[in-house]
Amino acid sequence: MRWSQAFIPTLKETPAEAEILSHKLLLRAGLVRKLTGGLYILLPLGLRVLRKIEQIVREEMNRAGALEVLMPALQPPEIWQQSGRYQTAQGVLFKARDHAKKEWVLGPTHEEVITTLLAGELSSYRQLPKNFYQIQTKFRDEIRPRFGLMRAKEFVMKDAYSFDTTDEAAQISYQKMYDAYARIFQRCGLKTMAVEADTGVMAGKFSHEFMVPAETGENEVAWCEQCHYAANVEKASSRATPTETASGGNPEKFATPGVATIDDLTRPPFGVPACRQIKTLVYIVENKPVLILMRGDHQLNEAKLTGTLGTATFRPAEAEEIVSALKARPGSLGAVDVKELPVHADETLHGAANMTTGANEDGFHLRQVDIGRDITVTKWSDLRLARAGEPCSKCGHPLRLQRAIEVGHVFKLGTKYTEAFNACFLDEAGQKHPAIMGCYGIGVTRTLQAVIEQSNDKDGIIWPLNVAPYAVCLTPLNVAPDSAVMKLAEDLYAALSARGVEVILDDRDERPGFKFKDSELIGFPIRVGLGEKSLAKGEVELKVRGGALTPVKVEEALEKVLERLKL
RNA sequence: CGGGGCGUAGCGUAGCUUGGUAGCGCGCUUGGUUCGGGACCAAGAGGUCGUGGGUUCAAAUCCCACCGCCCCGACCA
């Protein structure tokens with residue numbers, strides 16, 4: 001490609017809309033432009049990168065035995081009703097109407113469609129295992145799109161769906177995808193970590209997320225340097241400091257005027273450490289109040305609560321709801337002698353004794369509470385948010401917390417959809433079973449931006465070779481057609497092109513600094529600088545983006561470039 | 001949806017408090033000088049000041065409503 005023929009609108013200044021570095025670079029390097037919030041136009045250079053990533057994904061999916069299909073983005077709402085997600089996915093479903101006023105949904109994902117397909121085609125165990133994938137545009141009515149391509153209303157996703165006859169076989173399919181994902185991100189030049197992921201209401205199943213460590217990430221992962229345990233904080237467990245278990249006697253009510261928080265009670269004249277308090281939270285779970293008990297110094301992890309409750313339909317109670325449930329206002333809440341409400345307690349509190357908690361009477365608390373003796377706990381679970389520095393639950397080494405961008409997710413689904421759609425097969429004995437399903441997603445557009453977020457310097461993007469829009473940028477400093485510099489550039493351009501190298505020739509009549517800055521902003525892996533000065537010495541300049549500049553002999557230039565590209 | 005910020009030329013912005021002919025930088029056009037790290041000089045083009053209403057002799061500026069964008073939070077199948 002000749003630069004003068006291309007469309008690469010680079011910007012010296014950053015548009016005000018961009019906050020994070022990768023978003024700024026996407027715009028400045030002329031890769032994308034915004035149409036409106038959450039919707040972006042991929043410009044030629046950005047599209048080239050996207051296609052590269054897609055191709056890597058495609059190759060690795062094929063290698064793992066998955067079969068490419070293309071499903072409609074537009075879907076009938078009936079299948080969403082059939083799976084039950086018409087309601088549960090309300091928040092993210094885009095809907096449209098046709099001329100006859102019939103409603104349609106724009107697919108945020110395709111479990112319903114692929115399972116409908118399988119329901120019609122699957123009959124025998126001999127047809128399994130199968131794994132179908134597609135690379136396609138998805139639509140999600142994001143509550144708040146942000147950070148450019150990171151969270152958009154419309155984005156390119158690779159989604160795959162595996163079907164197996166047994167749990168063991170499904171596990172193999174899962175592992176194949178897990179391994180393929182590791183290769184995909186590696187080939188994209190991304191450092192990722194695979195972390196255990198929360199599975200929401202489908203608790204107990206298996207899931208991993210592929211995370212790109214980045215401070216701008218919307219997720220947080222907990223990980224252990226020693227044993228390599230890694231999990232999304234929504235899922236992560238850790239060991240808490242020990243809880244007091246020696247009883248101090250019978251509960252004793254005492255006045256605590258004005259005390260409204262755990263923190264208030266730690267201060268004089270009370271001086272009760274947070275770890276010796278029981279925090280009582282009231283949630284409205286499917287319209288009914290439920291008490292949640294945490295140790296005073298711990299925080300509730302709502303993702304874990306979802307797992308324990310088996311529903312995501314809950315919210316913190318309003319003040320009036322709390323008063324009507326416990327006859328006291330927040331600040332003096334407790335679970336002692338509460339018999340009529342479900343009480344979920346964090347397992348850290350197991351055996352806790354001599355604790356302080358609200359008395360369910362405004363301005364009063366109870367001390368010397370032994371949870372086993374004084375509180376009726378309905379269910380014990382791990383409900384605690386893991387914190388940095390807490391011992392790893394596997395090996396005891398302090399956990400570290402790291403923000404990260406989720407670029408891939410592998411998920412063992414089980415039979416939720418295959419049962420709903422009757423996607424069943426007959427086994428060797430003629431018994432009918434629903435196929436066991438897995439689903440696997442990669443945010444392709446998000447991956448593009450994640451690469452930029454992870455690979456840049458003060459001058460711009462540093463594209464990993466495999467996903468670079470062009471591998472080589474030829475930069476002649478004199479573009480007069482009859483100049484020796486330009487003639488050499490043309491020769492190299494032709495020679496590299498003939499070898500299948502993706503090369504862009506910066507034939508713009510611009511000053512050297514301008515052209516250098518542009519090529520660095522965009523981040524081509526290799527730049528070959530051709531100028532009168534070096535040519536006089538029989539040399540050209542080979543510059544590796546983010547690396548050193550080396551003079552090479554003109555007659556060796558082609559070989560040296562090819563050599564660099566092999567790496 | 002709650003909280004905060006912003007909307008002035010393609011981009012970045014000043015002007016708004018205290019109403020009075022809309023300014024600067026980048027980019028763009030033309031000419032000239034330059035030419036190894038985002039050049040310089042000169043001359044130009046380019047603006048419904050987000051939209052609608054109100055106050056006023058007069059509104060970018062004050063008031064009301066709406067729209068859009070960005071950030072934080074809720075949400076995240």
Side-chain angles (χ1 to χ4, degrees), chain A residues 9-20 23-24 27-28 30 33-39 75 80 83-94 105-112 138-148 150-153 155 157 159 197-202 207 209 216-219 232 234 302-303 306 311-316 406 409 411 413 416-417 439 441 443 446 458-460 475-480 483 485 506 508-522 527 529-537 539-541 543 549 551:
Chain A
T10 57
L11 301 170
K12 203 187 308 194
E13 286 175 300
T14 307
E17 73 192 62
E19 194 70 20
I20 69 171
H23 187 192
K24 291 176 181 171
L27 292 162
R28 287 195 55 211
R33 283 294 183 264
K34 182 171 76 174
L35 177 62
T36 183
L39 296 174
Q75 304 178 14
W80 285 80
S83 70
R85 290 209 291 187
Y86 189 80
Q87 293 306 324
T88 58
Q90 252 330 309
V92 293
L93 272 188
F94 267 116
V105 309
L106 285 164
T109 179
H110 282 69
E111 281 82 5
E112 283 79 2
K138 298 283 190 266
F139 299 87
R140 294 188 192 185
D141 190 0
E142 291 290 347
I143 295 168
R144 178 150 89 92
R146 59 180 127 186
F147 301 150
M150 281 296 180
R151 183 170 290 276
K153 291 179 191 292
F155 56 97
M157 182 172 171
D159 47 325
D198 175 58
T199 50
V201 284
M202 288 169 279
S207 178
E209 289 163 336
T216 53
E218 296 185 86
N219 294 87
N232 191 313
E234 294 183 340
E302 290 196 352
T306 302
T311 172
T313 312
F314 59 76
R315 57 175 173 83
E406 179 191 350
H409 198 161
F411 213 114
L413 276 178
K416 173 181 157 110
Y417 297 97
C439 71
R446 182 183 285 183
K458 63 174 174 44
D459 295 316
T475 310
L477 302 185
N478 180 348
V479 296
S483 69
V485 165
D506 192 352
R508 296 173 301 169
D509 187 10
E510 293 289 351
R511 299 165 65 84
F514 185 90
K515 294 166 84 158
F516 291 150
K517 287 287 186 194
D518 253 1
S519 79
E520 276 150 15
L521 174 60
I522 296 166
R527 183 179 72 221
L530 307 99
E532 251 108 44
K533 285 184 189 169
S534 47
L535 202 55
K537 293 184 278 184
E539 293 172 345
V540 297
E541 286 164 356
K543 174 78 167 72
L549 187 149

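Note that these values count all heavy atoms, side chains included, but never hydrogens, waters or copies made by symmetry. Just so it is clear: chains get the letters A, B, ... in the order the sequence lines come, proteins before strands, and each one is counted from 1.
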### Options B/G36, B/C75, B/G37, nucleotide nearest the side-chain atoms of A/E302
B/C75

### Message
Would you say A/T36 places a side-chain N or O within less than 4.0 Å of OP1 or OP2 belonging to B/G68?
### Response
no

### Query
With distance as the sole test, does A/R446 use its side chain to make a donor-acceptor pair with the main-chain N or O of A/E406 at under 3.5 Å?
yes

### Query
Over how many whole Å does the gap from A/R511 atom CZ to B/C40 atom C1' extend?
8 Å

### Query
If you look at every heavy atom in A/L106 and A/L93, which pair is closest and at what distance?
O-CD2, 4.3 Å

### Message
I want to confirm an ordering. Mapping A/V92 and A/E520 to their closest nucleotides on RNA chain B, which one lands closer to the 5' end?
### Response
A/E520

### Message
I'd like the C1' distance from B/G46 over to B/C1, given in whole Å.
### Response
41 Å

### Task
Test A/R146 against A/E218 for salt bridge (charged side-chain N to carboxylate O under 4.0 Å, His left out), laying out the working first.
CA-CA 10 Å; A/R146 59 180 127 186; A/E218 296 185 86; 3.0 Å; yes

#### Entry: Of the listed nucleotides B/C71, B/U34, B/C1, the one nearest the side chain of A/I143
B/C1

#### Entry: Strand partner of B/A59, provided both Watson-Crick or wobble distances fall under 3.5 Å
none

### Query
Among B/G36, B/C69, B/G27, which is the nearest nucleotide to the side chain of A/E541?
B/G36

#### Entry: Heavy-atom donor-acceptor pair, A/E13 side-chain to B/G25 base, under 3.5 Å
yes

### Message
The side chain of A/F514 is closest to which nucleotide in this list: B/C11, B/G38, B/G36?
### Response
B/G38

### Query
Between B/G10 atom P and A/L27 atom CG, what is the distance in whole Å?
17 Å

### Query
Distance between the P atoms of B/G23 and B/C28, in whole angstroms?
22 Å

### Summary
Of the listed B/U34, B/G36, B/C71, the closest approach to the A/F147 side chain comes from B/C71

### Query
For the side chain of A/A16, counting heavy atoms from C-beta on, which of B/C76, B/G37, B/U13 is nearest?
B/U13

### Message
Applying a 4.0 Å non-hydrogen cut-off, can you work out what A/D518 is touching in the nucleic acid: base, sugar-phosphate, or nothing?
### Response
base

### Query
Can you tell me the Watson-Crick or wobble partner of B/G12, both distances under 3.5 angstrom?
B/C24

### Query
At their closest point, which heavy atom of A/K138 faces which heavy atom of A/P108, and how far apart are they?
CD-O, 3.5 Å

### Task
Grab the two heavy atoms, one from A/E142 and one from A/A152, that are nearest each other, plus how far apart they are.
CG-O, 3.6 Å

### Task
For A/K517 and B/C26, give me the distance from atom NZ to atom P, rounded to whole Å.
17 Å

### Query
Is A/T88 touching bases, backbone alone, or none of the nucleic acid, heavy atoms closer than 4.0 Å?
nothing

### Summary
To the nearest angstrom, the CZ-P distance between A/R151 and B/C71 comes to 12 Å

### Query
What distance, rounded to whole Å, do you find between the two P atoms, one in B/C24 and one in B/G44?
13 Å

### Task
Can you tell me the distance, in whole Å, between the CG atom of A/L35 and the C1' atom of B/G10?
16 Å

### Side chains of A/F516 and A/L477 in contact at under 4.5 Å (non-hydrogen atoms)
yes

### Query
To the nearest angstrom, how far is A/E17 atom CD from B/C69 atom P?
11 Å

### Task
Could you measure between the two P atoms, the one in B/G19 and the one in B/G10, and give it in whole Å?
30 Å

### Query
Considering Watson-Crick and G-U wobble pairs with both distances under 3.5 Å, what does B/A39 pair with?
B/U33

#### Entry: A/R28 side chain vs A/T10 backbone, donor-acceptor pair below 3.5 Å
no

### Message
Using whole Å, what does the distance between atom P of nucleotide B/G36 and atom NZ of A/K537 come to?
### Response
14 Å

### Query
Is a donor-acceptor pair below 3.5 Å formed from side chain A/T14 to base B/G12, judging by atom type as modelled?
no

### Query
Under 4.0 angstrom, heavy atoms only, what part of the nucleic acid is A/P108 near: base, sugar-phosphate, or nothing?
base

### Message
Considering every strand and a 4.0 Å limit on heavy-atom distances, what is the contact class for A/K34: base, sugar-phosphate, or nothing?
### Response
sugar-phosphate

### Pairwise C1' distance, B/U48 and B/G3 [rounded to whole Å]
32 Å

### Query
When you compare B/G2 with B/U8, how far apart are their P atoms, in angstrom units rounded to a whole number?
25 Å

#### Entry: Identified pairing partner of B/A65, criterion: Watson-Crick or G-U wobble below 3.5 Å
B/U51

### Message
Taking the minimum atom-to-atom distance to the side chain of A/T10, which one of B/A39, B/G37, B/G38 wins?
### Response
B/G38

### N/O donor-acceptor pair under 3.5 Å between A/R85 side chain and A/W80 backbone
no

### Between C1' of B/C6 and CD of A/E19, the distance in whole Å
12 Å

### Query
Does A/R146 place a side-chain N or O at less than 4.0 Å from the phosphate oxygens OP1/OP2 of B/C72?
yes

### Query
When rounded to the nearest Å, what value does the distance between C1' atoms of B/C72 and B/A14 take?
28 Å

### Task
Under the side-chain hydrogen bond (donor to acceptor under 3.5 Å, both in side chains) rule, what do A/S534 and A/E541 come out as? Steps first, then yes or no, please.
CA-CA 7 Å; A/S534 47; A/E541 286 164 356; 4.5 Å; no

### Task
Determine the Euclidean distance between corresponding P atoms of B/G7 and B/C11; express it in Å to zero decimal places.
14 Å

### Query
Partner of B/U18 by Watson-Crick or G-U wobble geometry, both contacts under 3.5 Å, or none?
none

### From B/G27, B/G37, B/U34, nucleotide with atom closest to A/F516 side chain
B/G37

### G-U wobble or Watson-Crick pairing nucleotide for B/G73 (cut-off 3.5 Å, both distances)
B/C1

#### Entry: Which residue lies more 5' along RNA chain B, comparing A/R28 with A/A89 via nearest heavy atoms
A/R28

### Query
Is the base of B/C71 touched by the side chain of A/R144 through a donor-acceptor pair closer than 3.5 angstrom?
no

### Message
Does A/R527 contact B/G37 through a side-chain donor or acceptor facing the base, at a distance under 3.5 Å?
### Response
yes

### Message
I want to verify a distance call: between B/C70, B/G36, B/G38, whose nearest atom is closest to the A/L521 side chain?
### Response
B/G38

### Task
With heavy atoms under 4.0 Å as the rule, sort A/E111 into base, sugar-phosphate or nothing.
nothing

### Query
Under 4.0 angstrom, heavy atoms only, what part of the nucleic acid is A/G531 near: base, sugar-phosphate, or nothing?
base

### Query
Using purine N1 to pyrimidine N3 plus N6-O4 or O6-N4 for Watson-Crick, or N1-O2 and O6-N3 for G-U wobble, each under 3.5 Å, what pairs with B/G46?
none

